[in-house]
Amino acid sequence: MKAHRIADHVYCLHADIETDDRFEGIWPIPEGVSLNTYLVRGTKTALIDLVRDWTNAADQLRRQLDSLGTSFEQIDYIILNHLEPDHTGYLAELRNINPRLEIISTAKGIKLVESFYNITEGVRAVKDGDQLDLGNGVILRFFETPNIHWPETMMTWEETSGTLFSCDAFGSFGKLGDRVFDDQFTPEEHRFYEEESLRYYANIVASFSTFVERGIQKLSGLPIRCVAPSHGIVWRTRPAEIIERYLRYASYSKGPAEKEVCVIWGSMYDNTRLGLEAVLRGIESEGVPYRIHRVPNEDVSYVLADAYRAEGILLAMPTYEYAMFPPMAYVLDIFRRKHIYHKKVVRIGSWGWVGGAQKEYEAAIEPLKWESLASVEWAGIPKEGDIKRLEEAGKLLAQKIKGV
Ligand code: FEO
């Protein structure tokens with residue numbers, strides 16, 4: 001990894017994390033994730049956001065500082081836009097290395113500096129509109145953007161380069177390698193990062209979509225030339241693209257979303273799978289695209305991303321011990337926590353001796369504000385009449401998504 005110049009006085013440093021660990025202990029990152037840090041120089045030097053010392057991230061950072069002719073010892077300020085430990089885990093070690101370092105965050109952030117790192121000295125709380133003069137005309141300005149996605153969150157603005165240091169907002173999963181800027185990646189690579197930004201948003205930010213819209217509105221007057229998030233691509237050429245993408249993602253939480261179906265299925269002995277095939281024929285007959293996930297085989301992280309993006313959801317699960325197929329119960333619980341709201345939905349499933357999934361399902365989706373278009377259940381293997389009802393349910397779902 002090397003440091004990347006945004007302007008003569010602004011550099012992006014980053015550590016690529018490649019690990020079997022999960023992000024936040026929940027979300028898989030098979031393609032890694034980058035932890036971005038920024039160095040801003042006037043006569044004083046500030047670092048904006050830090051790293052957790054995860055797969056040698058601190059060493060990666062140290063080497064990049066060295067390539068810029070500086071070091072942890074020479075940093076004057078550490079700006080903490082957000083206290084989640086992926087950006088602050090190295091803070092106590094950094095303070096030990098450099099005791100004169102001043103730590104700057106919102107008042108809520110400073111409380112977490114104490115609770116996470118037991119640091120109370122050399123800290124400064126800033127509020128909306130406050131500035132930090134680094135000398136030589138370089139001034140950092142702070143904007144509180146609470147709940148994107150923690151309450152203490154702020155963003156930092158550097159005017160002469162037009163750079164917005166947005167922390168988690170506008171970020172994505174996916175390591176970066178030796179490139180960081182939007183104009184350095186091919187269209188195919190951008191498609192990968194777009195998928196990973198949606199998964200990141202659905203996994204981490206979706207519950208706070210109202211705050212995303214509010215934060216973007218608050219910053220709309222800034223002449224942003226570069227969006228510099230703490231994960232993923234740095235947008236120096238097309239900053240509006242990632243801002244508009246995040247606004248689109250935020251809008252999914254209110255519906256309508258993209259005109260496609262997210263199919264989530266689980267089957268014990270293939271009877272529900274056979275019914276699923278009939279529904280899919282109905283959807284296909286209307287030409288509506290779908291993406292399909294089997295649970296528990298696939299991680300809920302990916303299910304969340306496609307469910308969040310799609311206007312329609314098809315759930316196929318059998319009754320299991322008088323209730324829902326347990327992996328689907330878990331998916332629906334995550335959907336409630338992550339605000340997968342306002343979807344058009346069909347649910348199907350087989351039962352053996354007796355049903356029971358439907359009753360639990362109805363209670364589970366009640367908080368989700370879903371429009372339940374059809375529920376089709378049957379005993380054992382689906383019969384001719386069941387197949388017809390299932391195909392019709394698929395057609396109905398597709399037609400509702402098309403708006404016909
Ligand atoms: Fe990247 Fe909320 O931390």
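Everything numeric here is computed off the predicted structure, so don't read it as measured data. Values below: all heavy atoms of this structure, side chains included; hydrogens, waters and symmetry mates excluded. Read the numbers this way: they start at 1 and go in the same order the structure lists the ligands and their atoms.
Classification of Lys344 and Glu311 as a salt-bridged pair holds, one side-chain N sitting under 4.0 Å from a carboxylate O.
Few gaps surround NZ on Lys259; more than 12 heavy atoms of other groups in view lie less than 6.0 Å from it.
At least one N, O or S atom of His87, from either the backbone or the side chain, sits less than 2.8 Å from atom 1 (Fe) of ligand 1. At least one N, O or S atom of His82 sits under 2.8 Å from atom 2 (Fe) of ligand 1. Under 2.8 Å from atom 2 (Fe) of ligand 1 lies an N/O/S atom of Glu84, whether from backbone or side chain.
With respect to atom 1 (Fe) of ligand 1, Asp168 has OD1 as its nearest N, O or S atom. Taking atom 1 (Fe) of ligand 1 as reference, Asp86 places its N/O/S atom OD2 nearest.
With ring centers used as reference points, Tyr308 lies under 6.0 Å from Tyr201.
Of the options Trp157, Tyr38, Tyr11, a ring pair (Phe, Tyr, Trp, His ring centres under 6.0 Å) to Phe165 is made by Tyr38 and by none of the others.
In this pair, His231 and Phe23 present their aromatic rings perpendicular. The plane angle is above 60°, beyond the 30 to 60° band.
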